[in-house]
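We count residues from 1, following the sequence as given. All ligand and atom numbering here is 1-based and tracks the order in the structure.
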Amino acid sequence: MSKPTSQSTSQSTSQSTSQPMSRQGNENLALDGGAPVRTTPFPSVGNASGRTLGAEELAALTRVLASGQLNSTVGGETRRLEGEFADYYAIEHAVASSSGTAALHLAVGAIDPDPGDEIITTPISDAGTVLPMLMQNAVPVFADVDPRTGNLSVESVRACITERTRAIFAVHLFGSPAPVAALRELADAHGILLVEDCAQAYLTRCPDGRLAGTVGHIGCFSLQQSKHITAGDGGLCVTADAELARTMRLFADKGWPRDTDERTHLFLSTNYRMTELQAAVARAQLPKLAGVVADRRGGARRLTSALASLAGLAVPPHDGMSYWQYPLVVDPALAGGTCHDYGKALAAEGIPANGGYLNRPLYRTPVLAERRTYGQSGYPLQVPPARVEPRYDVGLCPEAERLIGERLLVISWNERYTDADVDDIAAAVRKVHRALTRSR
Ligand SMILES: Cc1ncc(COP(=O)(O)O)c(C=O)c1O
């Protein structure tokens, strides 16, 4: 099994299509009727242009189809993927599942909270981080984030811990390392578990050199379409703990202990099995991962050096980042506008960018804010089983709300971006910055 290397996967032939006049002469923003910096699409995770799916995946699928064994309880692909992923991460166990959300649900299942127990997490993530908590009748408690990265603030997490806290779920947002070493210390001090949501963070390096996903008790990954590697959907959990691994494996398979040959069900769970087809594609993707991350880092370094001097736009701070996306933090007082002003102006310039990442923090989505859970019950977000009725009001996490509301500018990122692609992005950001700071 190949280990992470810095081998490049870049095969892009896409050329710059920027229009020199629009960069140099005509400073009118495209939003105001000027010529856009870019008029042709960038490589995208939504189609073959920005994915590393090729002959290897096709051969793997053909192999599995020819075998006639598409189910992981019969075939060997999924078990082999688990072994290869564990080796890749130099950790004892990996457990496959049907999605990143399922992987996170496996982790909650292994923690096995009582109804009303609390799990601390971040308000800036995909809902897949939080929904499994509710599915297991745990109460999500939201800690605030670091305004520079959008990752959990250790101090805020500490302040959220109560006697009902069972776990901390940290997200490595956009592939930037969350402070998991400090969170692990905090978790250990309180006898609770740390789960790392690495859906956006393949091969992210923490400041102490460890790979994100190996610092907590469990690391969870996603193989959904937009991730560094993909099988369309799919999930993987890693852990050094044999007991957690076994519980997660059972949780993905109706609590059915296949290793004992008994047809019995040891606890309440469901079917989250990965198919052999997903596993075959994921196995073909894995050797390409290191190159994907290296190429994303290379492009990101180029953009960072082009943007580092712009007042009011803070470039991503971490060396170990794996750049699922390229985030900038906007200081509206210095940059002449909010992240939403930038997002709209950049989109008009032909750059795949958006302001805020989310429309609202996770606690303001209807499932939580309006307690749309089980029928009309509001369960488990009520007393009992909750210790106190959780409040998911506006103002709960001010730094997260500021990031989403005015500061977090997200540029879609891809391993297939050429230097010319990156230069177009840099030109567009500089153009918008010039226009917005001039009009202040
Ligand atoms: C941080 C994070 N957590 C969880 C998920 C859920 O993963 P999936 O879409 O594979 O269920 C995603 C991705 O969508 C994600 O980005």
> Do we see a donor-acceptor contact under 3.5 Å between the side chains of Glu77 and Ser72?
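Distance-only check fails for Glu77 and Ser72.
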> May I ask you to check if Arg249 and Phe251 form a cation-pi contact, with NZ or CZ under 6.0 angstrom from the six-membered ring centre and within 45° of the axis?
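The answer is no; the distance or angle limit is not met.
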> Given 3.5 Å as the limit, does a donor-acceptor pair link the side chain of His172 with the main chain of Ala178, or not?
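Yes.
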> Check each of Gly232, Gly235, Ala199 against atom 2 (C) of ligand 1 and report the one with the nearest heavy atom.
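Considering heavy atoms of Gly232, Gly235, Ala199, the nearest to atom 2 (C) of ligand 1 sits in Ala199.
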> Go through the steps to decide whether Phe174 and Tyr326 satisfy the test ring-ring contact (aromatic ring centres under 6.0 Å, His included), and finish with yes or no.
CA-CA 7 Å; Phe174 308 128; Tyr326 187 100; over 10 Å; no
> Look at atom 4 (C) of ligand 1 and find which of Asp197, Leu223, Val130 reaches it with the closest heavy atom.
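That would be Asp197.
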> Given that the side chain starts at C-beta and the backbone is N, CA, C, O, which of these parts of Leu104 lies under 4.0 Å from ligand 1, counting heavy atoms, or is it both or neither?
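Within the 4.0 Å criterion, Leu104 contacts ligand 1 through side-chain atoms alone.
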> Got the closest protein heavy atom to atom 16 (O) of ligand 1, with its distance?
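Atom 16 (O) of ligand 1 sits closest to the protein heavy atom Gln200 NE2, 2.8 Å.
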> Relative to the heavy atoms of Val171, which atoms of ligand 1 are at a distance of less than 4.0 Å?
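Those of ligand 1 that fall under 4.0 Å from Val171 are 1 (C).
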> Looking at Thr129, which atoms of ligand 1 are within less than 4.0 Å of one of its heavy atoms?
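Those atoms are 3 (N).
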> Which protein non-hydrogen atom lies closest to atom 8 (P) of ligand 1, naming both residue and atom, and how far is it?
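The closest heavy atom on the protein side is Gly100 N, 3.5 Å.
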> Look at atom 14 (O) of ligand 1 and say which protein heavy atom is nearest, naming residue and atom and giving the distance to 0.1 Å.
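Answer, as residue, atom name and distance: Lys227 NZ, 2.9 Å.
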> Which of the atoms in ligand 1, numbered in the order shown and given with their element, are less than 4.0 Å from a heavy-atom of Gln224?
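Listed by number with element, the hits are 9 (O), 10 (O).
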> Is Ser322 reaching over with its side chain to a backbone N or O of Leu203, donor-acceptor style, under 3.5 angstrom?
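Checked: no pair found.
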> Could you tell me which residues satisfy salt bridge (Lys or Arg N to Asp or Glu O under 4.0 Å) with Arg246, sequence neighbours excluded, listed by chain and number?
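Salt bridge (Lys or Arg N to Asp or Glu O under 4.0 Å) check on Arg246 returns Asp259.
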> Which is it for Cys220 and Phe169 under the side-chain contact (heavy atoms from CB on, under 4.5 Å) test, yes or no, and what are the steps along the way?
CA-CA 10 Å; Cys220 301; Phe169 275 43; 5.9 Å; no
> To the nearest 0.5 Å, tell me how far Ser269 OG sits from Asp112 CG.
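Between Ser269 OG and Asp112 CG, I get 11.0 Å after rounding to 0.5 Å.
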> I need the atoms of ligand 1 closer than 4.0 Å to a non-hydrogen atom of Ser222, numbered in the order shown.
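Those qualifying, in numeric order: 7 (O), 8 (P), 10 (O).
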> Quick one: look up the protein heavy atom nearest atom 12 (C) of ligand 1 and list residue, atom name and how far away it is.
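Scanning the protein heavy atoms, the shortest distance from atom 12 (C) of ligand 1 goes to Asp126 CB, 3.5 Å.
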> Counting heavy atoms only, name the option from Leu131, Thr230, Thr101 that's nearest to atom 11 (O) of ligand 1.
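Looking at heavy atoms only, Thr101 sits closest to atom 11 (O) of ligand 1.
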